[in-house]
Amino acid sequence: MTTPATSRTPGRPRLLLVDGHSMAYRAFFALPDTMATTSGQVTNAVYGFTSMLTKLIGDEQPTHVAVAFDVSRRSFRTERYPEYKGTRSETPAPFKGQVPLIKEVLEALRVPALEREGIEADDIIATLAGQASAAGMEVLVCSGDRDSIQLVDGDVTLLYPVRGVSELARYTPQAVADKYGVPPHQYPDLAALVGETSDNLPGVAGVGPKTAAKWVAQFGGLDALLEHVGELKGKAAQNLREAVDQVRLNRELNALLRDVELPLGPDDLALRGFDREAVHRISDALQFGALRDRLLAVDPEAAHDASAPAEAAFELDVVDLPTGGLGDWLAARGERAVGVDVSGRGTPAAGDAWGVALAEGGQAVALDLAEIAPDDERALAAWLTDAARPKVLHGAKAAWHGLASRGLTLDGVVFDTELAAYLCYPDQRGYDLGDLVARHLGRELGADDDGAQGALDLALDAAGSRGAREAARAAAVVDLSDALAGQLADRGAAHLLTDVELPLSWVLARMEATGIAADTAYLTELESGFAAQVAHAAGEAYDAIGHEVNLGSPKQLQEVLFGELDMPKTKRTKTGYTTDAAALAELFARTGHPFLEHLLAHRDASKLRVTVEGLLKSVQPDGRIHTTFQQTIAATGRLSSTEPNLQNIPIRTEAGRQIRRAFRVGEGYETLLTADYSQIEMRIMAHLSGDAGLIEAFRSGEDLHRYVGSRVFGVEPADVTPEMRSKVKAMSYGLAYGLSAFGLSQQLGVTTGEAQGLMDDYFARFGGVREYLDGVVEEARATGFTATVLGRRRYLPDLTSDNRQRRQMAERMALNAPIQGSAADIIKLAMLKVQTEFDARALRSRLLLQVHDELVVEVAPGELEAAQEVLRAQMGAAYPLDVPLDVSVGTGDTWHAAGH
DNA sequence: TGCGATAGTGT
DNA sequence: CCACACTATCGCAA
């Protein structure tokens, strides 16, 4: 799978030795110090170093690796010559802070980090290089220190950074001779004459590399040169005679030690494969995105396992069933849970499945659906659909779609390892089976070759191991389910899997498979309309400044606005000044420049056009759009929607609402019906806080914001002005996000003082809310997690971070997670109840979409009243709160018309 | 080709 | 300097 970039003598071990400090230091200066996590930890050195090491491991395919570090600046060289490296400035603090991070990365990669007091990294490398080549190993030294050139020989190659750390020059004996005119072992002689500014070793005046090389070559070495120094003529020679002592000292200092005592020898440096869990942990912490994947892709252990049969790692008997033998095999499994792995594409209405692997009790079978015998296929179909036959899958919803494409239905799934892992670790980025298996079972499945959404297992079997990988996955799912079931129980979350997420995954599968009807003719019209607006606005904008620019390029816009037009600077971004809509509107208010007006119009129209284009592209042959609901993405427990995202279809502007008219009731159905919870998050806040005032607000039936406004401003509800109402509305919603006075002032366009006053007044009336919010953070800090009404946890270790930014971010998450998460719990329960009730009443009406607090249903003829009744009743009774759950419903031919 | 930064849409 | 998402585009880097 991974091809070595350079050929390697088969069987000959190759040792990679890296000078940690010099490479990290180069990365530090090569990469911008704006490179940081959202919480402010600068990561340029650790990122650059890790990236460089990743590339080296991938390209050079070493069998052994070690990284050497300097412990401090003091060494035997500074003892001998206090001025050594004396010109170097103080190591920058942002660099020092990253060294421990680099060591953490190395630990995750299981690469030894070597260091010794009083010894420099180069000496450690020199020693190991000597030992390794004596042992017959090939050696690669990666260092930015030129002293390392002396190590180069037939067995040892130096990789020296040219620019930054991304490009490395290969110093072989020939390359050194070509560049410096002396063989590598004489390079220190040359350097002693020329001097090394970075080490504060002065050279001989008037002697550069050319002269030095000539002399060294002429006399065959520095010692001989110094013996015959009297014979030389010229100014440079005179200078040399005066500097002999310094030259001898230089030579003494630039000689690398080759006999440092070390705890590890070359044989101990074998690359053993990464600790993948640790790689994920540190990548999460440092917010490595692509680098994480590159890193995992060069994991030697994973690469090894991909080429070797995975079942070799543990006991698994891949049974070669006789034709027609599947029924008996399945019958023999009895009531025991069977692991199922489906190969194919798990996308709604466009899925496919070409293989199924089953595993139980150390035995596995792999089936090719294209070649399966009719008897076996019948046995498989009957077994898959039998609710009494327990199954365990990783990502059952995707498997459901894949199998559905073959007319196979899946039932009796008792555990889904992907959902379980999500419930245990909701903040994780992904739940790749191979990674989970490595983390929880300490076993390797081999790198997953496709992380694409909805992709099942796309592995093709290598000859001779038919279905082995699939079988190994199926077996791993069973073992993993045991491990995760224990962890779920520890977290009190087992019921969330069995009572909520798992049954919900079938509801979602049906919704996705159903899709929502789209009016393509109308969408096409809309698209051309928006396109015309885009073109018109662009033309006007160009006229306003007298030339064309790419209006979609913030960079070019900045040149126009702040260069050409010399407008006042807006808020800073990482790379310049923002050109977002709020800033442009502000600029327009101040300058009145027509370009801004047309630019804003262009932005709006072009956003809408692109949205429409995306929708058009996603209409399937059945005339419907089938989104995929992601059930394991949002850390709070919400769903998300992809390909396309139907949870962010415009609604605020009239032009945007036009797009909602393209979502129509399907042929053979009566109407669309939408039902949404009003102010569900504030109701949860009232419930969780127990604030008497807020609870009364909801029980009174008065408009919430009017009621709150009347209390905060001390007026009758009827006298609450729209301005007052919008202020308390912003305040109320902001609370659930951990709003600050500054944030509120920004939102409302008032001073921070006014915002603070509003907050004080608010909390004076609704003190229970403040107590609750304070309590949430305090409890989360003590327990390490927040919990929703159903006990869904979110772990927030940063609540005790020393870093203020990180801590405050975690505090806001702690405020928001129980509220957003409880709302997610409640609508999930509602969906289950609605579906159950539809089924119980044998209604043909069907759920289509969920948009966080809204459900969209397609109503079958004659069922409108029943469907409305089901939605009102089941959503309203989804979960008992201390305040009523208000549900409002609407109907219409389009999503727009059905909305409220 | 892939990725980070920017922008904009929703709840 | 207010939470949680997804997608598109640009421009740079590998």
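It should be emphasised that the depicted structure is a prediction, and the values quoted were computed from it without experimental measurement. So you know, we letter chains A, B, ... as the sequences are listed, proteins then strands, and number each from 1. Basis for what follows: all heavy atoms, side chains included, without hydrogens, waters or symmetry-related copies.
- Looking at residues two or more places apart in sequence or on another chain, you find no side-chain hydrogen bond (donor to acceptor under 3.5 Å, both in side chains) involving Arg609(A).
- Taking the six-membered ring where the residue is Trp, Tyr879(A) and His687(A) present perpendicular rings, their angle passing 60° and hence far from 30°.
- Nearest to the side chain of Ser640(A), among dA3(C), dA5(C), dT9(C), sits dA5(C).
- Among the atoms of the strands shown, none is found under 4.0 Å from any heavy atom of Ala817(A).
- For dC12(C), one of the phosphate oxygens OP1 or OP2 lies less than 4.0 angstrom from a side-chain nitrogen or oxygen of Lys555(A).
- Straight-line distance from the CG atom of Leu608(A) to the P atom of dT9(C): 14 Å, rounded to whole Å.
- In this entry the distance linking CG of Leu295(A) with P of dC3(B) reads 14 Å, nearest Å.
- Atom CD1 in Ile516(A) sits 11.5 Å away from atom CG in Leu847(A) (nearest 0.5 Å).
- Between Arg812(A) atom CZ and dC4(C) atom P there is a gap of 9 Å when expressed in whole angstrom units.
- Under 4.0 angstrom from either OP1 or OP2 of dT6(B) there lies at least one side-chain N or O belonging to Thr575(A).
- At a threshold of 4.0 angstrom between heavy atoms, the contacts of Asn645(A) are confined to the sugar-phosphate backbone, with no base atom among them.
- Within 4.0 Å of Leu646(A), counting heavy atoms only, lies no atom of the nucleic acid at all.
- When heavy atoms are screened at a 4.0 angstrom cut-off, Arg794(A) is found touching the sugar-phosphate backbone but no base atom.
- One can place OH of Tyr733(A) at 18 Å from P of dC4(C), the figure rounded to the nearest angstrom.
- The ring pair (Phe, Tyr, Trp, His ring centres under 6.0 Å) check on Phe763(A) picks up nothing, with sequence neighbours excluded.
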